[in-house]
Amino acid sequence: ADGTPSYYDTFVYDEAGRKKEQYRYEADGDLFIYFNFYYNTNGRESKYEEYWPDGSMISYYISEYDDAGRLLKETRYSPEGEILSYDTFD
């Protein structure tokens with residue numbers, strides 16, 4: 001690699017300073033993918049969605065937390081709701 005970034009991101013934040021939207025662009029400036037983020041009543045990220053530039057959903061992720069607010073599990077779903085993968089955290 002020559003040190004030139006292959007992509008860059010821009011972000012939009014909500015009034016509470018939380019990431020609301022993320023846009024990933026190829027190095028030439030073309031939009032490659034974008035994300036929308038959602039938060040639970042405790043202010044923790046509960047869901048995020050990934051989309052192609054044409055607006056079609058790629059997948060979405062649901063985060064689960066314990067009572068102390070620690071991330072326990074993140075599950076990735078297809079647009080139709082089928083589980084694609086998941087990660088658990090200790």
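Along the sequence shown, residues carry numbers from 1.
Using modelled atom types, one side-chain atom of Asp14 and one backbone atom of Ala16 make a donor-acceptor pair closer than 3.5 Å.
Residues forming a side chain to side chain donor-acceptor pair (under 3.5 Å) with Arg76 (at least two apart in sequence, or on another chain): Glu50, Ser59, Tyr61. Residues forming a side chain to side chain contact (heavy atoms under 4.5 Å, CB included) with Phe11 (at least two apart in sequence, or on another chain): Asp9, Tyr13, Lys19, Gln22. Considering only residues two or more places apart in sequence or on other chains, Asp87 meets the salt bridge (Lys or Arg N to Asp or Glu O under 4.0 Å) condition with none of them. Taking Ser78 as the reference, Glu80 meet the side chain to side chain donor-acceptor pair (under 3.5 Å) condition, with sequence neighbours excluded. Shown here are the side chain to side chain donor-acceptor pair (under 3.5 Å) partners of Glu26, two or more places apart in sequence or in another chain: there are none. Applying the side chain to side chain donor-acceptor pair (under 3.5 Å) rule to Tyr23 yields the partners Glu21; only residues at least two apart in sequence or on another chain are considered.
More than 12 heavy atoms of other residues, nucleotides or ligands lie within 6.0 Å of OH in Tyr8, so this atom counts as buried by the packing criterion. Other residues, nucleotides and ligands place no more than 12 heavy atoms under 6.0 Å from the CG atom of Asp90.
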Less than 3.5 Å apart, which donor and acceptor atoms pair up between the side chains of residues 51-58 and the rest of the protein, not counting sequence neighbours?
from	atom 1	to	atom 2	distance (Å)
Tyr51	OH	Glu49	OE1	2.8
Asp54	OD1	Ser56	N	2.8
Asp54	OD1	Ser56	OG	2.7

Please list, one pair per line, the donor and acceptor atoms closer than 3.5 Å that link side chains of residues 65-73 to other protein atoms, with sequence neighbours excluded.
from	atom 1	to	atom 2	distance (Å)
Tyr65	OH	Glu45	O	2.5
Asp66	OD1	Ala68	N	2.9
Asp66	OD1	Gly69	N	3.0
Asp66	OD1	Arg70	N	2.9
Asp66	OD2	Arg70	NE	2.9
Asp66	OD2	Arg70	NH2	2.9

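Within the hydrophobic cluster formed by Ile, Leu, Val, Met, Phe, Trp and Tyr side chains joined at under 4.5 Å, directly or through other members, Tyr38 stands alone, with no partner residue.
Applying the ring-ring contact (aromatic ring centres under 6.0 Å, His included) definition to pairs two or more places apart or across chains, those involving residues 70-90 are Tyr60-Tyr77.
The structure places NZ of Lys47 at 13.5 Å from CG of Asn40, a figure rounded to the nearest 0.5 Å.
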